[in-house]
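Some notes on the structure that comes next.
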Amino acid sequence: MVPIVKISNLDKYFGHLHVLKNITLEIPQRQVVCLIGRSGSGKSTLLRCINFLEEPSHGSIEVDGVKVEGGEKGAQHRQLVHDVRLKTGMVFQEFNLFPHMSVLENVIEGPVIVKGMDRKKAIELAEQNLDSVGLLFKKDEYPMRLSGGQKQRVAIARALTMEPRVMLFDEPTSALDPELIGEVMNVMKKIAKEGMTMVVVTHEMGFAKDVADRVLVMAEGELIEDAKPADLFSNPKDPRTKALIDRYRNDDN
Amino acid sequence: MSLFSNKDSDAPKSQAELLFEAQKRKERLFRTNVAITWGILLFFLVYLFSGPIDVDTQFIRDNMLFIAGGLGETIRISILSIIFATLLALFAALGRLSTIPPIYALSTFYVSLIRGTPLYLQIMFFFLALPQVGIRLPGLWAGVIALGLNYGAYMSEIFRAGLASVGKGQREAAMALGMTPTQTLKRIILPQALRFAIPPTGNEFIAMTKDSALVSATGFVHELMWRSVKVGRAQFHNLEALIMAAIFYWVMTIILSYLQNILETRLAKGDR
Ligand SMILES: Nc1ncnc2c1ncn2[C@@H]1O[C@H](COP(=O)(O)OP(=O)(O)O)[C@@H](O)[C@H]1O
Ligand SMILES: [Mg+2]
């Protein structure tokens, strides 16, 4: 299969801190990838390098045929980064909905302002996506009046309405009360079923087991394991992976 | 004793309800006492000027309209100045966040210069000093520029806080959608920052209506203060004239504070 995301020899430094160490990775279309690892291992940074919320120090990122070299500057680079961002949707741990806009306005903001889409058409598309996350009836509400789970579902609809090729999720359920995690996970499952390519940083091992096609494990800025979920959970190769999985097991009990 | 003499309740009240009612009653009593004291103070003030201190009521009647005629000018200069100040404050605040050295420098230089010199001096500078180098501004505009520059420097702090109140997640969400920095500023950051800045800007406006009195010293803007000094001096009735101006300023700020309160409750209600 053709890779839709291609990360080549990626390095990221924060000052002297070497956070990502020579990461190379290909993600085929329609694959659901879970990225797990201890806190501080570099999961968010890797995810944020894909859409250049963090500028890679070295190496390149290619998304759907648009290749961007890290660490460059200038108008051409900015244009490429912009193109990559149009191909990626991102969902944050803290939702980051725009509080001064209604749910519908949040969702059409990107298509109308960034893509210059006709407002009517954007609303149509937005309503479809709000419906698919089960929140069409909240379209005129303001984010403040939504539960965390509802906010995150709106955030997912907002990202989907840009019609990205890849969806990036950075711990989408970590800020939620336990009873609200399910509704967000269900929406993510649905998107996965519909064939979206997804990269998901998560601590939800259930999701990794049931939905992911592939699990990547990070430790100290390196990818230490890359396997199918069944193999990874039954037969972890790296002792650090084993320790991580044991920790999650204990948390569940 | 009075706690238990509540007629319209048959069922005994719970401890919490009783405490709550006692609390309410206390608050009401406090407010009543405050209102009564205000009344006494006001009465005393009126009494003072109607007996012990001799005021010329004829003079007051004769000049009431003339002094009141300055209200419009006071409000006009305040509104124009606050608009100018708001724009300056916004640019100064954005400049303060800039990573481009000359822009950052310009912003901090402006704020430092203005905050380091008296408002009275700044006003005089625009009226008296500029004509010496051939720049003659119409009275109103010199006042507006001086007040606007001054308040802009102080208000830049408000806008800085407003911009800081918008979390970095907002910028990231906008960037992830593909917004340019300008789009992000215009559509996401500024609307939230401005909303945050509305109540304190209202406070500044109220303060400005009073500081606009300083502009009278130039003699070119015939607002409240200028008019009261003019008739007071001319007829040796400074006492009456200044009292009248004081009442006008006072009533005006009370009304503005009231409007400000309404606005704030509205904003708080619609808080998202
Ligand atoms: N903006 C930043 N500046 C400096 N250090 C950072 C920054 N973001 C992350 N780091 C550091 O990079 C490392 C990896 O962070 P992160 O990618 O957030 O890890 P994870 O998402 O796996 O918890 C951590 O040591 C973190 O402290
Ligand atoms: Mg993280």
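Below, read A as the first sequence line, B as the second, and so on, with proteins coming before strands; counting in each chain starts at 1. Atom set for the values below is all heavy atoms of this structure, side chains included, hydrogens, waters and symmetry mates excluded.
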- Measure distances from B/E172 to the heavy atoms of chain A and classify the residue's part below 4.5 Å as side chain, backbone, both or neither. both

- Message: I want to check something: taking the side chain as every heavy atom from C-beta on, are A/P99 and B/Q170 in contact at a cut-off of under 4.5 Å?
- Response: yes

- Measuring from B/I188:CD1 to A/H100:NE2, what's the distance to the nearest 0.5 Å? 4.5 Å

- Query: Looking at A/R158, A/M90, A/E94, A/K115, which one has more heavy-atom pairs under 4.5 Å with chain B than the rest?
  - Reply: A/R158

- Task: Check whether A/L97 gets within reach of chain B through its side chain, its backbone, both or neither, counting any heavy atom under 4.5 Å.
- Result: backbone

Going by atom type alone, with no hydrogens or angles, which donor-acceptor pairs under 3.5 Å involve a side-chain atom of residues 146-153 of chain A and a protein atom two or more places apart or on another chain?
unit_1: A/S147; atom_1: OG; unit_2: A/Q150; atom_2: N; d: 3.2
unit_1: A/Q150; atom_1: OE1; unit_2: A/S147; atom_2: N; d: 3.0
unit_1: A/Q152; atom_1: NE2; unit_2: A/F92; atom_2: O; d: 2.7
unit_1: A/Q152; atom_1: NE2; unit_2: A/P172; atom_2: O; d: 2.9
unit_1: A/R153; atom_1: NE; unit_2: A/V133; atom_2: O; d: 3.0
unit_1: A/R153; atom_1: NH1; unit_2: A/E183; atom_2: OE2; d: 2.5
unit_1: A/R153; atom_1: NH2; unit_2: A/V133; atom_2: O; d: 3.1

- Item | Crowding at CZ, B/F30 (>12 non-hydrogen neighbours, <6.0 Å) | no

- Item | Residues, nucleotides or ligands: over 12 heavy atoms within 6.0 Å of B/E27 CD | yes

- Message: How close do A/F98 and B/A173 get, counting heavy atoms only, and between which atoms?
- Response: CE2-CB, 4.0 Å

- Minimal non-hydrogen separation, B/R187 against A/E109, with atom names: NE-OE2, 2.7 Å

- Message: Show the nearest heavy-atom pair for residues B/G178 and A/R85, with the distance to one decimal.
- Response: CA-CB, 4.2 Å

- chain B heavy atoms under 4.5 Å from A/I113: which part of the residue, side chain, backbone, both or neither? both

- Item | For A/V114 against B/M179, the heavy-atom pair lying closest together | CG2-CG, 3.6 Å

- Message: Around atom CZ of A/F14, are there more than 12 heavy atoms from other residues, nucleotides or ligands closer than 6.0 Å?
- Response: yes

- Does any N or O in the side chain of A/N96 come within less than 3.5 Å of the main-chain N or O of B/G169, such that one atom is a donor and the other an acceptor? yes

Side chains of residues 81-94 of chain B: which donor-acceptor partners sit under 3.5 Å, not counting sequence neighbours?
unit_1: B/S81; atom_1: OG; unit_2: B/I77; atom_2: O; d: 2.5
unit_1: B/T86; atom_1: OG1; unit_2: B/I82; atom_2: O; d: 2.6

- Do the non-hydrogen side-chain atoms of B/M175 and A/L53 ever get within less than 4.5 Å of each other? yes

